[in-house]
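Every chain is numbered from 1 and lettered A, B, ... according to where its sequence line falls, protein lines coming before strand lines. Values below: every heavy atom of this structure, side chains too, minus hydrogens, waters and symmetry copies.
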Protein chains: 2
Amino acid sequence: MSIAERKERQRAERYELILAAARELAETEGWEAVTTRRLADLISYSQPVLYSHFRGKADIMAAVATRGFEELATRLKIEAANVTGAPDILRNVCAAYLDFACSRPVVYEAMFVLPTKIKFASEETPPALRAAFDALVAALGPDRKEPVFLAEVLWSALHGMAVLMQSERIPATGAEVRLDILVQKFRSDSQAVNS
Amino acid sequence: MSIAERKERQRAERYELILAAARELAETEGWEAVTTRRLADLISYSQPVLYSHFRGKADIMAAVATRGFEELATRLKIEAANVTGAPDILRNVCAAYLDFACSRPVVYEAMFVLPTKIKFASEETPPALRAAFDALVAALGPDRKEPVFLAEVLWSALHGMAVLMQSERIPATGAEVRLDILVQKFRSDSQAVNS
DNA sequence: GCAGGAATTCTAGCGGCGCTATATTTGGGC
DNA sequence: GCCCAAATATAGCGCCGCTAGAATTCCTGC
């Protein structure tokens, strides 16, 4: 069975090669530059090989997105776990979300902007995606009414800030100020008036 | 000069025909179905005619977006002007924004999601777009610190809710609840604790 | 009324896209 | 070492955005 195992391993390696090539090409030239021809060139195989791993281009992007969900969940959980010495978990988690969006813009785009067949808020939702959302819920703290709706609003705000900044619809200047405003609005002990 | 005037008028009519065809086709089948060939078919002219009105497909979408800015600004200003009998201007303006995004999803997409050459937050920003943003600033009420940043955060949240709902990343159920939560967070007299 | 010429519009085509039917090559099993 | 299945490549389909150059239309000046 060693031969079958080797073949399986080589297939897995080529799968990773495709994902890496797709992400790197997207990172340098954007998703619109990621074509099956260029991808095939980059991995030194012909186009149809791609279709033995993925149903099509959308499927490749979905796979990149799925990896992104895992990385995002990891990053958020690290911040959420940093209880010791970091009093403001909510701010740290929000900052981590925005930092992820900013540091991996094309992965973020595949996850949350481009059309996708990945199911959100359903039984088929990828576990990592659920975990990332749960980290958001947790960061808001206990004893909230409607914790899921509240987290959805927070997520919406974070997502809006991420995409509007990325597409230069709001200026990059002021990201910190906006984050402060947002966090203050969602803090469980917020009592601020006229600010 | 009557002949030149007539030609100019006919050109203007055809321009409108193209915009209307683009918007309608996008509304029924999405922007990815809006191709120069189908557009040319719909207006009963050949493809190159499109290029005598617009630089290309992106330019057509930008024109649709520009019309959208005007409609959005109008809708928001109507709500903002409804002082009499409507105490909660902020909620009405936010609801009007979301309603616009929901009722004209593809126009909204062209305005705020798809790549565009339209400049935001600069001297070249279309007046209607500035007006729409100003309506958001006004809806937040006077005597705020950092009114522009605050409005940007509110806009981010509204935009996030709009796009995440449209792409089915958050469920359509709960739109009202989320709007209530958001407005409550941004109300100038918000004193809520643990909600 | 009509010829000339500019303005307008169309035909046809380029290179590239996602995707796939079919041909070719590769490599393990006997 | 041959056979056959699995793996891979070639070549092509119908579509895309866009454009050069041909064909047509229609205003102008006589």
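For A/Y51, the side-chain atoms get nearest to C/dC19 when compared with the rest of D/dG17, C/dT9, C/dC19. Closest contact between the side chain of A/R14 and the listed nucleotides D/dT19, C/dG18, D/dT8 involves D/dT8. Listed candidates were C/dC10, D/dA9, C/dC14. Nearest to the side chain of B/R37 is C/dC14. In the set C/dT9, D/dT8, C/dA21, the nucleotide with an atom closest to the side chain of A/V49 is D/dT8. Here the side chain of A/T36 is nearest to one of C/dG18, D/dC18, C/dC10, namely C/dG18. Checked against C/dG18, C/dT9, C/dA21, the side chain of B/S46 finds its nearest nucleotide in C/dT9.
For A/Q47 and C/dC19, a side-chain-to-base donor-acceptor distance below 3.5 Å is present, hydrogens and geometry of angles not being considered.
Note on B/R104 versus B/E27: salt bridge recorded, some NZ/NE/NH1/NH2 to OD/OE distance being below 4.0 Å. A salt bridge links B/D88 with B/R187: the closest approach of a Lys/Arg side-chain nitrogen to an acidic carboxylate oxygen falls below 4.0 angstrom.
Checked against the 6.0 Å centroid criterion, the rings of A/F120 and A/F133 do not qualify as a close aromatic pair.
Atom P of nucleotide C/dT20 and atom NZ of A/K57 are separated by 15 Å, given to the nearest angstrom. Look at CD on A/E29: it is 11 Å from P on C/dC17, rounded to the nearest Å. The distance from atom CD of A/E32 to atom P of C/dC17 is 11 Å, rounded to the nearest whole Å. Taking atom CG of A/L25 as the reference point, atom C1' of C/dC17 lies 14 Å away to the nearest angstrom. Here D/dT25 presents its P atom at 13 Å from OH of B/Y45, a figure rounded to the nearest Å. One atom, CZ of A/R38, and another, C1' of C/dG15, lie 15 Å apart when rounded to the nearest Å.
Remark: A/R14 is positioned above the aromatic ring of A/Y45, its terminal NZ or CZ atom under 6.0 angstrom from the ring centre and at most 45 degrees off the axis.
Between A/H159 and B/H159, the ring planes are parallel. Angles under 30° get that label, and only those over 60° would be called perpendicular.
Contacts of B/T35 with the nucleic acid, taken as non-hydrogen atoms under 4.0 Å apart, involve only primed sugar atoms and P, OP1 or OP2.
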